[in-house]
Protein chains: 2
Amino acid sequence: MVRAVPDTHGEILAAAARQFTVTGYRGTSLQDIAREVGCSKATVLYHFANKEALLAELMAPAIEVLRSLDEQLTGLTGAAAQEVAAQGFVDLAVRFRQEIAVLRGEFPELLCQPAFAHIQEISDRLRDALAGHSDRPGARIAALVLLAGISEACGEFADITDDDLRSALLTLVRRAVEPVDALPPQQPTTEDKDS
Amino acid sequence: MVRAVPDTHGEILAAAARQFTVTGYRGTSLQDIAREVGCSKATVLYHFANKEALLAELMAPAIEVLRSLDEQLTGLTGAAAQEVAAQGFVDLAVRFRQEIAVLRGEFPELLCQPAFAHIQEISDRLRDALAGHSDRPGARIAALVLLAGISEACGEFADITDDDLRSALLTLVRRAVEPVDALPPQQPTTEDKDS
DNA sequence: CTTTCATCTGACCGATCGGTCAGGGTCTGA
DNA sequence: TCAGACCCTGACCGATCGGTCAGATGAAAG
């Protein structure tokens with residue numbers, strides 16, 4: 001039989017996730033987290049090297065998915081890139097609603113830190129893909145508004161199931177993205193069922 | 001001739017606006033602002049009762065426009081509400097790019113403070129209007145994503161003129177908002193030129 | 001010259017932050 | 001029985017935060 005070993009590490013992680021989503025990373029102190037777990041602040045810092053390491057471990061799965069989406073996007077152009085970016089990002093945003101909500105408005109500072117060094121570049125590429133690699137202002141603006149809006153909004157719909165939210169967001173993105181029909185003649189349509 | 005009277009009050013306000021847009025409200029200390037102005041922290045607090053009062057004075061014009069937009073929306077329904085909300089909010093977001101950028105991720109805490117008490121309700125009504133007062137999840141989600149995305153994104157396009165940004169955003173919103181064609185039979189179309 | 005007033009400042013305050021450290025339990029394997 | 005690994009803690013640290021306060025300065029008014 002299992003001994004109900006106290007998984008303090010996991011409890012701290014869970015408490016931090018909860019607190020971060022409510023009050024943000026900067027707005028949550030290690031003392032707050034310790035209080036919710038029922039341990040001392042020193043215990044939190046025994047299990048995690050520092051506050052940033054706690055956040056990094058919390059975000060690791062989401063970042064890994066983001067990285068793999070980035071790889072899928074390499075080489076894709078036009079409408080194909082748009083569709084993969086849309087599906088990939090919507091799926092990521094829905095699955096990691098909570099994690100994304102943590103980063104609310106903390107981006108500019110956090111992205112400077114080593115653990116999150118490449119996120120900025122990856123999301124830039126993601127935005128570029130969603131714009132169909134077009135440099136028209138309309139396409140760029142639409143892509144950024146959608147990415148930012150989804151990131152910001154997906155945490156608000158706790159009452160909607162993952163599936164419903166995913167399909168609604170995907171419909172929205174497909175409707176809202178600026179089409180790249182008049183793309184420079186490269187290939188007519190590369191979106192034959194290649195999978 | 002004017003004596004070049006040192007407008008310290010205004011200088012503090014301008015410095016605060018600049019710093020807040022870069023490092024956010026919480027991320028900017030009164031010391032930072034004082035340093036940029038070239039005065040002491042005590043001087044900042046001589047001109048402004050406290051840090052929150054500084055922010056309130058900075059946001060006052062934007063809030064006033066938001067409030068008047070809210071009034072314009074009372075009584076409007078369906079597509080008419082959507083169009084007024086879209087035009088009004090896009091215009092507001094473009095004109096007050098900087099002010100909106102200040103509130104990055106500071107919303108949950110700031111909205112609790114008395115100076116910003118009604119903003120939450122107003123933006124809820126605004127979102128509702130942009131959704132054409134529909135309660136379909138798709139309409140609600142689209143409205144929230146657009147409002148949040150525009151708020152988040154409009155500060156990023158410093159290289160685009162107000163007019164260009166406004167028209168691009170408006171085009172995007174009209175394309176992205178879920179149409180309310182199948183609205184419950186109330187009036188066939190209320191959007192005859194009533195102005 | 002004296003008073004008054006707005007402006008500005010250095011010194012200081014209590015609170016809170018992230019983080020360190022020495023040491024106290026507790027369990028396990030030798 | 002003892003050594004050592006692991007887990008946890010209270011006390012403490014320096015830094016920084018928003019904010020207070022008595023007093024310096026200087027120009028205008030009497």
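Treat the numbers as computed from the prediction; the structure is a model and nothing was measured. Atom set for the values below is all heavy atoms of this structure, side chains included, hydrogens, waters and symmetry mates excluded.
Counting only heavy atoms from C-beta outward, the side chains of B:Leu54 and B:Ile33 approach each other to under 4.5 Å. You'll find the side chain of B:Met59 stays beyond 4.5 Å of the side chain of B:Ile119, heavy atoms only.
Rounding to whole angstrom units, CD1 of residue A:Ile33 and C1' of C:dT16 are separated by 15 Å. As rounded to whole Å, 15 Å separates atom C1' of C:dT16 from atom CZ of B:Arg26. Spacing between atom CD of A:Glu52 and atom P of C:dG19 amounts to 9 Å, rounded to whole angstrom units. Between B:Glu11 atom CD and C:dT7 atom P there is a gap of 14 Å when expressed in whole angstrom units. Counting to the nearest Å, the P atom of D:dC13 and the CG atom of A:Asn50 are 22 Å from each other. C:dT20 atom C1' lies 13 Å from atom CG of A:Leu30, rounded to whole Å. B:Asp32 has its CG atom 6 Å from the P atom of D:dC17, to the nearest Å. The separation between A:Phe48 atom CZ and C:dG18 atom P is 15 Å, rounded to whole Å.
For a distance-only test at 3.5 Å, the side chain of B:Lys51 fails to qualify as a donor-acceptor partner of the base of D:dG19.
Among the heavy atoms of the strands lying under 4.0 Å from A:Thr43 is at least one base atom, whether or not backbone atoms are also near. Among the protein residues, A:Leu45 comes within range of the nucleic acid bases, having at least one heavy atom under 4.0 Å from a base atom.
If you find the closest nucleotide of DNA chain D to A:Lys41 and to A:Tyr46, the one lying nearer the 5' end belongs to A:Tyr46. Toward the 5′ end of DNA chain C lies the nearest nucleotide of A:Gln31, the other residue of the pair A:Gln31 and A:Ala49 mapping further downstream.
Between B:His47 and C:dA6 there is no side-chain polar atom (N or O) within less than 4.0 angstrom of OP1 or OP2.
Looking at the side chain of B:Ala42, the nearest of the listed nucleotides C:dG10, D:dC17, C:dT20 is C:dG10. Listed nucleotides D:dC8, C:dT9, C:dG18 differ in distance to B:Ser40; the shortest reach to its side chain belongs to C:dT9.
Ion pairing between a basic and an acidic side chain is recognised when a charged N comes within 4.0 Å of a carboxylate O; B:Arg97 and B:Glu156 show no such pairing. Using a 4.0 Å cut-off between charged side-chain N and carboxylate O, A:Asp128 and A:Arg125 make no salt bridge.
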Does B:Arg166 form a salt bridge (charged side-chain N to carboxylate O under 4.0 Å, His left out) with B:Asp91? I'd like the steps, not just the answer.
CA-CA 6 Å; B:Arg166 183 163 26 232; B:Asp91 184 63; 2.7 Å; yes
